[in-house]
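These notes are about the structure you will find just below.
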Amino acid sequence: MSVFDGMSDIFAETFGREANYFAPGAGAAVPCTIIVNEASQERVELAAKPNVAGKRIAVRVSEIPEPVRDGRFVEDDSGASYVIVGKPVLDVADPSMWICKVA
């Protein structure tokens, strides 16, 4: 048990956007809630990764158990599309969230 348990739900409800996830080669969409931020190397779990300009998406593990490179998130309201670049990593502070760099 961690002090961060349950925080992913609060963050998703507060800052989240309704979206769909499309795994590479899969035709079916998986509904999810994403949190979109500017990409940054300040995150401990991304420090050793190549810097990629763009955005970073957080998504709950309970919604998308295993996002993969070239997977795509599409926002319901705006239709904005984000493709995962690199390997998604679990958030160090809250391992119930995936952190995905996207372009």
Side-chain angles (χ1 to χ4, degrees):
M1 187 114 178
S2 161
V3 295
F4 297 107
D5 287 349
M7 291 303 291
S8 63
D9 293 332
I10 294 169
F11 289 138
E13 289 171 17
T14 305
F15 304 108
R17 303 176 189 179
E18 297 301 314
N20 286 293
Y21 173 72
F22 297 86
V30 177
C32 59
T33 302
I34 60 174
I35 300 169
V36 182
N37 293 310
E38 292 300 318
S40 168
Q41 290 302 107
E42 297 172 13
R43 309 255 334 181
V44 173
E45 65 272 21
L46 299 176
K49 308 289 184 203
N51 194 8
V52 177
K55 299 198 180 288
R56 183 179 66 227
I57 286 183
V59 64
R60 290 179 279 197
V61 172
S62 62
E63 292 181 307
I64 308 297
E66 203 168 335
V68 296
R69 179 186 195 129
D70 296 327
R72 187 169 45 100
F73 295 99
V74 179
E75 287 187 40
D76 289 352
D77 289 340
S78 70
S81 181
Y82 309 96
V83 177
I84 300 172
V85 294
K87 182 179 179 182
V89 295
L90 288 174
D91 190 332
V92 171
D94 184 357
S96 67
M97 297 286 281
W98 285 106
I99 304 297
C100 307
K101 280 199 171 182
V102 295

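- The NZ atom of K101 sits 15.5 Å away from atom NZ of K87, with the distance rounded to the nearest 0.5 Å.
- Between T33 and R60 the shortest side-chain heavy-atom distance falls below 4.5 Å.
- Residue V36 comes nearest to I34 through the heavy atom pair CG2-CD1, 3.8 Å, listed as atom of the first residue, atom of the second, then distance.
- Cluster annotation: I57 and V83 are assigned to distinct hydrophobic clusters (Ile/Leu/Val/Met/Phe/Trp/Tyr, side-chain heavy-atom contacts under 4.5 Å, transitive).
- Residues I99 and P88 form no side-chain contact, since every pair of their non-hydrogen atoms from C-beta on lies 4.5 Å or further apart.
- Between Y21 and V68 the shortest side-chain heavy-atom distance falls below 4.5 Å.
- Proximity of V61 to L90: side-chain heavy atoms (C-beta onward) are separated by under 4.5 Å at one or more points.
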Check the pair E38, R56 against salt bridge (charged side-chain N to carboxylate O under 4.0 Å, His left out), reporting the backbone distance first and the verdict last.
-> CA-CA 6 Å; E38 292 300 318; R56 183 179 66 227; over 6 Å; no
Mind listing the side-chain donor-acceptor pairs of residues 70-77 below 3.5 Å, one per line with the distance, residues two or more places apart or on another chain?
| unit_1 | atom_1 | unit_2 | atom_2 | d |
| --- | --- | --- | --- | --- |
| E75 | OE1 | S78 | OG | 3.2 |
| E75 | OE2 | R17 | NH1 | 2.8 |
| E75 | OE2 | Y82 | OH | 2.6 |
| D76 | OD1 | N20 | ND2 | 3.0 |

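- Within the structure, ring pair (Phe, Tyr, Trp, His ring centres under 6.0 Å) pairs that include any residue of residues 84-103 do not occur (at least two apart or interchain).
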